[in-house]
Amino acid sequence: VSQSRYTGANITNTGTGSFTATSTGDLNVQSSIQLAEGNLSLTSNSGNVTVNGTGQPIVTGGGKMTFRSNQANTGTVTLVPGTVDSGGGDITFITDNISLGILTNTGGKVIIEPATPGRGILLTNGLADSSRLSLDGGTITALNSNTYQLITIGNNNSGNITSEGGVSLDKSPIQFLTPGSSIVAGNSNYGDLQVTAANTKLFGNLAGTNRTFNSNLIIETSGVNLRANPTLGGGNVIITGTINGLTGGENFGITVNGNGSTGDLNLFGAVGNSQPLGQLSINTGVNADLRAVTANGLAVNGYVYRDWE
């Protein structure tokens with residue numbers, strides 16, 4: 001189907017067929033699309049994609065949904081609040097700008113990535129930044145409205161991912177994926193967080209359940225605390241890269257299960273090897289697996305094993 005606006009009869013397929021619509025301009029779907037099993041793909045090659053403009057249900061019975069705007073920098077995918085339900089299938093957004101209403105896909109994944117290689121990503125409770133793929137307060141609220149198997153933000157070609165202070169995205173496991181830097185400001189709350197990046201820069205406290213950083217960690221501000229599930233139990237922290245201060249002397253604390261339950265801390269890279277930390281404080285309640293540590297002070301509450309100095 002190649003068109004700029006679909007406002008005709010509702011589409012219902014009780015079989016296994018999929019539905020694909022591709023437009024050279026804006027694609028505005030204002031009718032319901034209900035597929036029993038097939039996939040749904042809506043793409044604009046040089047404009048915006050707007051779905052559910054009249055509150056009509058968009059449903060796939062377990063099939064995947066893909067919403068894509070290929071228009072560089074200005075292209076936007078908009079889901080107006082209504083019923084968007086993949087029935088457990090994955091929902092993928094490929095766009096340089098996004099505005100989400102409530103969506104449902106219990107058991108499935110949500111993937112959000114820029115259409116333009118190198119475009120940065122911003123998570124904010126404030127206003128969107130037109131120079132980046134911005135997940136503003138409304139979109140974050142929409143993502144928190146349900147629980148998903150995983151929410152992946154970014155891809156192997158995206159720019160830096162920045163999470164501003166006060167962002168809370170804690171109903172589902174979160175993955176940040178970028179070849180650049182992941183930048184996390186103060187007092188953010190993510191549930192299960194996995195970061196794959198060259199560097200992760202921490203400017204403030206970060207709370208939540210499990211923490212996995214497949215990156216080097218840079219402590220940008222003294223007094224940063226990384227907390228993994230201090231009250232619920234079962235949290236772990238894994239950092240595969242190095243941990244350093246910005247200029248040296250920054251204090252850094254890690255709390256894993258402050259209630260003394262079963263989580264572990266695993267630091268697989270050197271700590272303070274290029275910019276020594278000030279005070280490194282570790283409170284695990286169980287196990288802390290460290291390598292070489294260079295810091296002005298080290299305070300540990302928990303059992304430490306493997307080599308450190």
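Numbers here simply count residues along the sequence, with the first being 1.
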Taking atom [atom1] of [X] and atom [atom2] of [Y], what is their separation to the nearest 0.5 Å?
X      : Y      : atom1 : atom2 : answer
Phe252 : Asn244 : CZ    : CG    : 11.0 Å
Ile140 : Thr124 : CD1   : OG1   : 7.0 Å
Ile112 : Gln175 : CD1   : CD    : 12.5 Å
Thr78  : Asn48  : OG1   : CG    : 6.5 Å
Glu220 : Thr247 : CD    : OG1   : 9.5 Å
Leu169 : Leu135 : CG    : CG    : 8.0 Å

Does the [X] side chain pair with the main chain of [Y], one donor and one acceptor, at a distance under 3.5 Å?
X      : Y      : answer
Thr178 : Gly180 : yes
Asp289 : Phe268 : no
Ser281 : Gly253 : no
Asn216 : Thr242 : yes
Asn225 : Asn205 : no
Asn199 : Ser181 : no
Asp96  : Arg119 : no

Do the side chains of [X] and [Y] join up, straight or via other hydrophobic residues, at under 4.5 Å, putting them in one cluster?
X      : Y      : value
Leu265 : Val224 : yes
Ile239 : Ile218 : no
Val29  : Ile94  : no
Val195 : Val167 : yes
Val59  : Phe93  : no

Using the test side chain to side chain donor-acceptor pair (under 3.5 Å), find all partners of [X] that sit at least two apart in sequence or belong to another chain.
X      : answer
Asp192 : Asn210
Gln71  : none
Thr200 : Ser215

Exactly one of [options] should register a side chain to side chain contact (heavy atoms under 4.5 Å, CB included) with [X]. Which one does?
X      : options                        : answer
Val84  : Thr60, Ile33, Leu79, Leu100    : Leu79
Leu226 : Thr255, Ile243, Val237, Ile219 : Val237
Gln194 : Thr212, Leu150, Thr152, Leu177 : Thr212

For this session: Decide side-chain hydrogen bond (donor to acceptor under 3.5 Å, both in side chains) for Thr50 and Asn28; before the verdict, give the C-alpha distance in whole Å, the side-chain angles of both, and the deciding distance to 0.1 Å.
Result: CA-CA 5 Å; Thr50 302; Asn28 190 343; 5.0 Å; no
Pair up each side-chain donor or acceptor in residues 62-70 with any protein partner under 3.5 Å, not counting sequence neighbours, and list the distances.
unit_1: Arg68; atom_1: NE; unit_2: Asn70; atom_2: OD1; d: 2.5
unit_1: Ser69; atom_1: OG; unit_2: Gly47; atom_2: O; d: 2.6
unit_1: Asn70; atom_1: ND2; unit_2: Asn45; atom_2: OD1; d: 2.9

Side-chain heavy atoms of [X] within contact of [Y], under 4.5 Å:
X      : Y      : answer
Ile161 : Leu123 : yes
Leu42  : Ile58  : no
Ile282 : Leu290 : yes

Provide the closest heavy-atom pair for [X] versus [Y] in the form atom of the first, atom of the second, distance.
X      : Y      : answer
Val271 : Leu277 : CG1-CD1, 3.6 Å
Ser158 : Pro114 : CB-CG, 3.7 Å
Ile254 : Leu267 : CD1-CD2, 4.3 Å
Gly25  : Ser44  : O-OG, 2.5 Å
Ser222 : Asn251 : OG-N, 3.1 Å
Ser172 : Asn146 : OG-O, 3.6 Å

Exercise. Under the ring pair (Phe, Tyr, Trp, His ring centres under 6.0 Å) test, which residues partner Tyr190, sequence neighbours left out?
Worked result: Phe176
Problem set entry | Pairs involving residues 127-140, ordered by first then second residue, that meet salt bridge (charged side-chain N to carboxylate O under 4.0 Å, His left out) (sequence neighbours left out) |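 Matches after skipping sequence neighbours: Asp129-Arg132.
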Exercise. Are Glu164 and Leu122 close enough, and set up right, to give a side chain to side chain contact (heavy atoms under 4.5 Å, CB included), and what steps lead you there?
Worked result: CA-CA 8 Å; Glu164 290 188 343; Leu122 173 67; 3.7 Å; yes
Exercise. Are Asp170 and Asn144 close enough, and set up right, to give a side chain to side chain contact (heavy atoms under 4.5 Å, CB included), and what steps lead you there?
Worked result: CA-CA 7 Å; Asp170 57 355; Asn144 271 330; 3.8 Å; yes
For this session: Take Leu193 and Leu206 through the side chain to side chain contact (heavy atoms under 4.5 Å, CB included) test and state the conclusion after the steps.
Result: CA-CA 10 Å; Leu193 178 63; Leu206 178 61; 3.9 Å; yes
